[in-house]
Amino acid sequence: MTTTIAAIATPLGRGGVGIIRLSGSKAYAIACQLTGKTKFSPRLASFCRFYQADGTIIDEGLVLYFNAPHSFTGEDVIELQGHGGMILQNQLLARVFELGAQQANAGEFSYRAFDNDKLDLVQAEAIADAIDATSAAAASSAIRSLSGEFSLKINQLLEQLIHLRLHVEAAIDFPDEEDVDFLSDGVIQDKLEQTQAQIQLVLATAKQGQLLRDGIHVVLAGRPNAGKSSLLNRLAGQERAIVTEIAGTTRDTLQETVVLNGLTLHLTDTAGLRETEDTVERIGIARARTAIAQADMLLLVYDVTRDIEGGSTPIQLAEQLFGELPEAKRLLIIANKSDLLSQNSDKTVQLSNALTETSQTNNTVSTFIDTDANNGQGYEQVNVSCETGAGIENLIETLCAKVGFHPPENSLIARTRHLDALRRTLIYLDEAHEQLVVFQAGELVADSLRQAQHSLSEITGAFSADDLLGKIFGSFCIGK
Ligand code: GDP
């Protein structure tokens with residue numbers, strides 16, 4: 001006997017329908033007491049009135065009954081579909097509590113589904129990801145993961161690993177069987193290498209899925225009037241972009257979330273990085289520095305007609321603005337106001353002198369080298385005009401390429417947690433490979449394979465620790 005939990009499953013506010021969900025052994029009896037009915041048939045909608053203890057009517061609507069184990073949670077589930085008003089829903093919920101249900105915690109319905117083997121962890125996470133998706137591609141990937149595609153891949157790999165372990169353990173237990181040395185006959189090595197290659201493939205897919213889910217954090221920086229706001233507007237104003245404000249962010253650094261070419265960009269505009277005595281401005285700058293440190297990508301916007309005069313280079317400007325020179329893979333230099341260059345050929349010459357780049361034409365990506373500071377690593381620059389829109393498309397494509405975003409048609413949603421587990425699995429498999437090929441150490445091969453299997457199974461939840469479960473389900477919304 002478990003407790004019976006209840007929660008409002010629809011968003012609070014006004015709506016045609018509001019749904020309260022109950023799950024647990026008392027759900028059916030509560031529905032009977034609430035409505036005065038004595039019987040509900042599974043999966044059939046019954047129109048009822050919902051009553052207070054004194055017989056007054058709270059609301060009327062539909063009751064849906066899903067009998068255990070044929071329900072989302074695997075327990076008896078009741079859905080009360082009333083009208084979607086805050087007062088009505090709260091009164092109905094209070095009455096359900098009076099009849100013996102308890103308030104559900106965030107994610108508790110999904111947790112029960114997981115606990116009753118209705119879902120594995122990947123699927124449970126996919127529910128939350130589908131609800132929170134910021135792009136159509138992320139939503140459809142989450143739904144694919146929910147339907148079990150990702151879990152199936154992981155389970156197939158787990159099965160392979162288990163077979164591999166059996167092979168190795170048999171080789172240890174029967175070393176002289178038929179005069180064959182199983183460990184060195186190449187079969188185990190082949191199988192191991194195949195598994196490694198397949199996990200590499202899943203990791204590559206999962207990386208795309210993680211980018212789809214989480215997007216990237218991008219910081220725009222530059223001197224005042226370089227065109228940062230114009231760039232933000234350009235990016236946000238693209239026809240394909242969905243613009244939302246991230247809840248709970250402070251107003252001192254402007255944040256926008258846009259989806260471009262399927263990639264979610266969390267853009268932060270850092271206003272004016274400079275030395276200042278002003279306390280409030282200092283706090284703002286400190287926040288900007290934190291944003292810079294945490295960003296996946298830094299966009300340095302400069303005004304080609306002004307910001308790099310006097311023989312300095314954009315790389316020196318980056319060094320100045322960020323305090324230290326960011327790694328090339330984290331920095332994209334945006335040469336803005338390219339429309340003004342064609343009107344003034346002197347400026348073009350000046351720009352070319354300022355960079356030691358290989359090619360410098362409008363609206364293309366150029367790679368240039370800062371030999372002193374950077375050991376020859378290439379920094380990329382894109383020329384744009386926020387005024388005319390020239391080069392913006394190219395900027396978006398360069399950005400996607402820089403973070404390695406190219407989701408396949410049928411991508412699957414993934415989380416950092418999954419990537420970690422896959423990477424750890426690969427480390428153990430590398431160890432197993434070394435023990436096998438270099439040392440022929442059967443026991444150690446077996447042990448590394450066991451650890452690899454353990455890491456991989458964390459993804460779907462077979463070996464997950466309780467605190468991890470708490471963290472995953474705690475981030476769900478109530479009623480899910
Ligand atoms: P921020 O201070 O870096 O945010 O710069 P703004 O976006 O406010 O731009 C400063 C000024 O430059 C504004 O007057 C813009 O209209 C102008 N501006 C921005 N981008 C371009 C561009 O590509 N070409 C031209 N000609 N002007 C631009």
Side-chain angles (χ1 to χ4, degrees), residues 1-12 15 17-48 50-51 58-84 88-132 142-143 146-148 460-461 464 466 469-480:
M1 291 280 275
T2 55
T3 54
T4 297
I5 50 171
I8 300 172
T10 37
L12 274 182
V17 178
I19 300 176
I20 289 177
R21 217 181 195 190
L22 288 85
S23 179
S25 48
K26 282 196 232 160
Y28 186 85
I30 291 173
C32 291
Q33 282 173 280
L34 178 73
T35 57
K37 296 217 176 220
T38 51
K39 187 172 183 301
F40 292 101
S41 303
R43 293 184 295 282
L44 283 183
S46 315
F47 180 75
C48 305
F50 308 132
Y51 296 99
I58 303 169
D59 193 7
E60 57 180 30
L62 297 179
V63 174
L64 281 173
Y65 168 49
F66 302 93
N67 58 321
H70 310 292
S71 70
F72 173 68
T73 58
E75 304 174 329
D76 273 352
V77 167
I78 290 283
E79 277 189 17
L80 306 172
Q81 306 196 352
H83 294 100
L88 291 176
Q89 289 277 290
N90 281 325
Q91 280 179 344
L92 191 54
L93 187 65
R95 175 69 181 136
V96 164
F97 290 155
E98 204 174 273
L99 292 169
Q102 291 177 13
Q103 172 67 54
N105 294 320
E108 200 170 353
F109 289 92
S110 299
Y111 181 78
R112 289 188 177 198
F114 168 72
D115 211 30
N116 292 324
D117 291 329
K118 286 282 173 174
L119 296 170
D120 63 31
L121 267 190
V122 166
Q123 291 172 305
E125 287 167 327
I127 294 175
D129 291 343
I131 293 171
D132 293 336
I143 294 299
L146 175 60
S147 74
T460 49
S464 287
D466 281 352
L469 294 183
K471 219 167 122 190
I472 290 169
F473 288 100
S475 66
F476 278 50
C477 45
I478 307 266
K480 249 294 146 212

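In what follows, every heavy atom counts, from backbone to side chain, and hydrogens, waters and symmetry copies are set aside. We count residues from 1, following the sequence as given.
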### Query
Checking side-chain contact (heavy atoms from CB on, under 4.5 Å) for the pair V122/L146: CA distance, chi angles, key distance, verdict?
CA-CA 7 Å; V122 166; L146 175 60; over 6 Å; no

### Query
Below 4.5 Å, heavy atoms only, C-beta onward: do I127 and F72 meet side chain to side chain?
yes

### Task
Just jot down the side-chain contact (heavy atoms from CB on, under 4.5 Å) partners of T73, sequence neighbours excluded, or say none.
S23, S71, E75, V77, F109, R112

### Task
For N105 and E108, indicate whether the former's side chain and the latter's backbone hold a donor-acceptor pair under 3.5 Å.
no

### Query
So which heavy atom on I143 is nearest to which on A130, and how close?
CD1-CB, 3.9 Å

### Task
List in chain and number order the residues that pass ring-ring contact (aromatic ring centres under 6.0 Å, His included) with Y65, two or more places apart in sequence or in another chain; answer none if no residue qualifies.
Y28

### Task
May I ask you to test the L99-K26 pair for a side-chain heavy-atom distance under 4.5 Å?
no

### Message
If we ignore hydrogens and angles and just use 3.5 Å, is the side chain of N116 paired with the main-chain N or O of K118 as donor and acceptor?
### Response
no

### Query
By side-chain contact (heavy atoms from CB on, under 4.5 Å), which residues pair with S41, not counting sequence neighbours?
K39, L44

### Task
Check side-chain contact (heavy atoms from CB on, under 4.5 Å) between A45 and all other residues, then give those that pass, not counting sequence neighbours.
L62, L64

### Query
At their closest point, which heavy atom of G100 faces which heavy atom of I30, and how far apart are they?
C-CD1, 4.1 Å

### Message
Show me the pairs that pass side-chain hydrogen bond (donor to acceptor under 3.5 Å, both in side chains) and involve residues 90-99, at least two apart or across chains.
### Response
R95-E98

### Task
Would you give the length of the straight line joining atom SG of C48 to atom NZ of K37, rounded to the nearest 0.5 angstrom?
4.5 Å

### Query
So, do L121 and F114 sit near enough that their side-chain heavy atoms are less than 4.5 Å apart?
yes

### Message
Test of understanding: with side chain to side chain donor-acceptor pair (under 3.5 Å), list the residues that count as partners of H70, not counting sequence neighbours.
### Response
none

### Query
Side chains of T35 and V63: does their closest heavy-atom pair fall under 4.5 Å?
yes

### Task
For the residue pair L34 and Y51, establish whether any side-chain heavy-atom pair is separated by less than 4.5 Å.
no

### Message
Would you compute the distance between atom OG1 of T4 and atom CZ of F97 and round it to the nearest 0.5 angstrom?
### Response
11.5 Å

### With sequence neighbours excluded, residues passing side-chain contact (heavy atoms from CB on, under 4.5 Å) with T10
I8, I19, Q89

### Query
If you measure from CZ on F50 to CD on Q33, what distance do you get to the nearest 0.5 Å?
14.5 Å

#### Entry: Non-hydrogen side-chain atoms of L22 and L80 separated by less than 4.5 Å
yes

### Message
For the CG atom of L92 and the CG atom of D59, what is their distance to the nearest 0.5 Å?
### Response
6.5 Å

### Query
For R21 and I5, what are the C-alpha separation, side-chain angles and deciding distance, and is it a side-chain contact (heavy atoms from CB on, under 4.5 Å)?
CA-CA 8 Å; R21 217 181 195 190; I5 50 171; over 6 Å; no

### Query
Distance from I58 atom CD1 to H83 atom NE2, nearest 0.5 Å?
13.5 Å

## Note on the structure
side chain to side chain donor-acceptor pair (under 3.5 Å) filter on Q102, not counting sequence neighbours, yields none

### Message
Please find the pair of heavy atoms, one from A104 and one from A7, that lie closest to each other, and give the distance.
### Response
CB-CB, 4.0 Å

### Which residues share a salt bridge (charged side-chain N to carboxylate O under 4.0 Å, His left out) with D76, sequence neighbours left out
none

### Message
Quick check: closest heavy atoms across V96 and A6, and the distance to 0.1 Å?
### Response
CG1-CB, 3.7 Å

